[in-house]
Amino acid sequence: MDETSEIIRQRREKARGLADQNIELYPNDFEVSHRVDGVREHIHQLKEGEESTAVFAMAGRIMALRGFGKAAFIHFRDYTGQIQAYIKRDEIGVEQYALFKQFDVGDFIGIKGSVFQTKTGEWTLFAKEIRLLCKAIRPLPEKFHGLRDPEKRYRQRYLDLLMNPNVRDVFIKRARIIESFRNFLLERSFLEVETPMMQPVPGGAEATPFKTFHDALGMELFLRIAPELYLKRLVVGGFERVFEINRSFRNEGISSRHNPEFTMLEFYQAYATYEDLMSLTEEMFRFVTQRVLGETHFTYQGNAIDMTGPWRRLTLKDALSELGGIEPSMWNDRQRLLDFAKSEGVEIKKARRAGNILMKLFDVLVEPKLIEPTFVVGYPVEVSPLARRSSEEPDITERFELFIGGREIANGFSELNDPSDQKRRFLDQVANREDGDQEAHHMDEDYVVALEYGMPSTAGEGVGIDRFVMLLTDSASIREVILFPQLRKAGQ
RNA sequence: GGGCCGUUAACUCAGUUGGUAGAGUAUCUGCCUUUUAAGCAGAGAGUCGCGCGUUCGAGUCGCGCACGGCCCA
């Protein structure tokens with residue numbers, strides 16, 4: 001369909017015409033001396049109205065073109081910024097100007113020239129020499145409205161990045177966020193590691209995995225739903241502080257909050273407790289927010305959020321009763337919870353146990369109310385199969401979840417390092433699975449063996465990077481913070 | 001999975017009670033040597049997402065499908 005489009009046909013002919021004149025359409029030997037930000041620095045040294053003696057060799061894309069017959073202004077863009085350039089026939093010569101006339105918005109060109117100030121005071125690259133660096137065959141979207149069609153924005157993200165500066169900023173911020181988390185942990189002697197994404201037993205979370213198959217090994221493998229169990233094996237191996245920032249995969253529906261592949265930070269610290277991690281978490285998020293935004297407060301979807309701290313701590317019990325209206329007497333009564341869920345219009349899968357129903361009710365009724373950063377603590381053992389039991393209350397684990405902007409952002413706990421308790425917990429999960437709970441944990445014998453060699457007391461945490469990027473960029477959908485979000489196959 | 005909305009030129013969008021498709025930007029031609037959403041004059045450009053149906057006639061009405069968005073679960 002595009003192939004018959006008039007504009008593309010014209011561009012192809014134009015390209016052919018240039019090639020016929022022995023003009024290279026895609027050369028790679030242009031030497032760049034300056035980028036736009038470098039020129040802007042240079043400008044500070046110039047006096048008003050003065051033309052630079054220095055010559056700049058610059059490469060970039062034509063983003064706008066205003067021609068006047070024998071002269072033209074263009075907007076010329078590279079990664080570091082945009083600058084205006086002035087192309088004048090009497091300066092570059094008749095032959096070069098004729099070449100310039102065949103350039104289009106979207107083409108990459110090389111310009112050698114000085115810098116001067118126009119009548120209106122704008123510093124402008126004054127071309128002495130121009131060159132085609134890459135001919136664009138397809139026209140860019142309209143400059144004023146940019147690219148709006150959300151489907152096209154996701155499928156052809158390069159156009160989105162090119163035309164919508166706010167989108168570009170989101171992804172630059174995303175990179176800074178990840179960089180800041182990494183720096184924070186590196187400064188505290190955490191070792192960055194990579195653990196398998198293809199796992200024989202998927203573990204570390206309650207989720208449905210993607211299946212794959214290794215032909216040579218004749219072996220079924222799962223894309224990881226979390227790196228947790230491997231990172232803790234590394235703690236067994238003597239790496240007392242480790243972290244990993246990378247993708248996990250969950251075979252679930254796609255929504256404005258879920259992408260099948262998403263990025264988590266997980267980190268583990270030996271001889272720390274979940275209390276220590278809450279302090280560290282507060283410090284870490286404050287650090288990242290300050291680094292990325294330059295301040296520790298921001299607005300998310302109309303809600304003011306202050307990361308300064310100290311953050312509120314709330315027991316799950318209090319959160320459920322005070323914010324969700326669920327009395328503690330209902331906690332272990334599966335039938336009453338089901339009835340309550342029904343009365344609240346919350347749909348529950350049949351196989352779920354009381355603890356899971358409780359968590360579902362929490363997700364729907366309580367979570368959206370936790371706008372300011374809040375630690376919720378005191379999760380039941382039933383829904384925390386990898387977390388250490390509280391010494392005072394054995395049915396409760398030493399676990400917290402962090403909520404910001406009505407979303408779960410992090411989940412951390414003192415790790416269960418008693419191999420026999422871990423084995424019992426796995427067996428309990430396997431029973432759930434046999435009762436039809438697809439998301440219950442698998443038995444991981446190999447992990448139990450690792451614990452039998454001895455894992456020091458450890459605390460660990462997972463952070464949803466995409467969700468936090470959403471917060472700091474005020475993005476309503478996860479698709480706005482993932483460069484290439486998962487979509488269905490394009491229609492014809 | 002359910003509900004609502006969308007899909008029209010390269011892009012952003014109009015399109016009336018059903019009568020055979022428009023604008024702006026972009027493109028092409030001409031004029032224009034300090035413009036910045038440059039300007040002036042002219043021109044070309046469409047499988048109206050796909051399919052079936054109703055109708056003398058469908059961008060418009062109905063059904064199905066595809067893709068996307070929002071909300072619910």
Side-chain angles (χ1 to χ4, degrees), chain A residues 1-15 17 49 51 62-77 82-94 96-97 100-107 113 115-127 136-160 162-165 252-258 301 341-342 344-350 352 357 360-361 363-365 367-368 475-480 485-492:
Chain A
M1 190 159 66
D2 279 350
E3 307 314 313
T4 62
S5 136
E6 191 198 14
I7 295 184
I8 293 171
R9 221 170 40 238
Q10 284 170 345
R11 288 270 185 111
R12 287 223 163 92
E13 274 163 29
K14 213 180 245 184
E51 183 181 335
I62 302 175
M63 296 306 291
L65 196 158
R66 296 180 289 278
F68 294 87
K70 296 182 189 64
F73 286 95
I74 64 171
H75 283 161
F76 178 79
R77 185 197 286 177
Q82 187 163 293
I83 191 166
Q84 175 170 271
Y86 184 47
I87 322 287
K88 193 171 154 186
R89 194 190 65 179
D90 291 349
E91 193 65 32
I92 64 171
V94 177
Q96 284 244 303
Y97 198 75
F100 171 75
K101 282 291 208 181
Q102 298 171 83
F103 292 173
D104 293 296
V105 172
D107 291 352
V115 173
F116 79 111
Q117 211 174 13
T118 64
K119 275 181 189 166
T120 55
E122 180 165 352
W123 287 102
T124 299
L125 185 63
F126 189 19
I137 298 301
R138 291 173 189 263
L140 294 177
E142 190 220 6
K143 61 189 168 190
F144 189 60
H145 295 92
L147 182 66
R148 291 271 180 82
D149 178 5
E151 183 172 359
K152 219 173 182 80
R153 288 185 46 231
Y154 301 148
R155 289 193 197 278
Q156 293 179 278
R157 182 70 91 181
Y158 45 92
L159 293 179
D160 195 23
L162 227 35
M163 304 312 295
N164 300 323
E252 300 163 348
I254 294 173
S255 75
S256 59
R257 288 161 181 237
H258 297 92
Q301 305 291 294
K342 202 170 184 185
E344 294 288 327
V346 181
E347 198 180 299
I348 306 287
K349 286 179 205 148
K350 285 197 177 95
R352 306 305 266 176
I357 299 169
K360 180 73 188 175
L361 288 169
D363 287 350
V364 176
L365 302 176
E367 191 172 307
S475 301
S477 167
I478 196 168
R479 292 179 204 104
E480 296 298 331
Q486 193 58 244
L487 299 176
R488 289 173 200 275
K489 252 186 272 179
Q492 76 275 40

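Just so we're on the same page: letters track the sequence lines, and every chain starts at 1. The structure presented is a predicted model; accordingly, all values stated were derived computationally and were not measured.
- Looking at the side chain of A:T118, the nearest of the listed nucleotides B:rC11, B:rA45, B:rU34 is B:rU34.
- At a threshold of 4.0 angstrom between heavy atoms, the contacts of A:F116 include nucleobase atoms, whether or not backbone atoms are also involved.
- Taking the C1' atoms as reference points, B:rA10 lies 25 Å from B:rC5, given to the whole Å.
- For the P atoms, the distance linking B:rA14 with B:rG1 amounts to 30 Å, nearest Å.
- For the C1' atoms, the distance from B:rA21 to B:rG15 is 7 Å, rounded to whole Å.
- Taking the C1' atom of each, B:rU17 and B:rU55 are spaced 15 Å apart, rounded to whole Å.
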Any protein N or O atoms within reach of nucleotides 28-30 of chain B? Criterion: under 3.5 Å, listing atom names and distances.
residue, atom, partner, partner atom, Å
B:rC28, OP1, A:K14, NZ, 2.5

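- Within 4.0 Å (heavy atoms only), A:G67 reaches at least one base atom of the nucleic acid.
- If you take atom C1' in B:rC48 and the same atom in B:rU20, they sit 12 Å apart, rounded to whole Å.
- With B:rC11, B:rC32, B:rA10 as the choices, the nucleotide that has an atom nearest any side-chain atom of A:K101 turns out to be B:rC32.
- In this structure, the aromatic ring of A:F68 is not positioned over the six-membered ring of the base of B:rC32 within 5.5 Å between centres and 30° between planes.
- Spacing between B:rC32 and B:rG39 at atom C1', rounded to whole Å, works out to 9 Å.
- Checked against B:rA37, B:rU34, B:rU35, the side chain of A:K143 finds its nearest nucleotide in B:rA37.
- With a 4.5 Å cut-off on side-chain heavy atoms, A:R66 and A:H75 count as touching.
- Note on A:K119: a base of the nucleic acid sits closer than 4.0 angstrom, heavy atoms only.
- Pair assignment for B:rC4 gives B:rG69, based on Watson-Crick or G-U wobble hydrogen-bonding distances that are each under 3.5 Å.
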Produce a footprint string for nucleotides 68-73 of chain B: one letter per nucleotide, 5' end first; B if the base is under 4.0 Å from any protein heavy atom, S if only the sugar-phosphate is, - if neither.
SSSS-S
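- Annotation: B:rA37 and B:rG3 have their C1' atoms spaced 40 Å apart (nearest Å).
- Contacts of A:R148 with the nucleic acid, taken as non-hydrogen atoms under 4.0 Å apart, involve only primed sugar atoms and P, OP1 or OP2.
- Counting only heavy atoms from C-beta outward, the side chains of A:V364 and A:E344 never approach each other to under 4.5 Å.
- Nucleotides B:rG59 and B:rA9 have their P atoms positioned 14 Å apart, rounded to a whole Å.
- Within the shown strands, B:rG62 is the pairing partner of B:rC52 under the Watson-Crick or G-U definition, both distances less than 3.5 Å.
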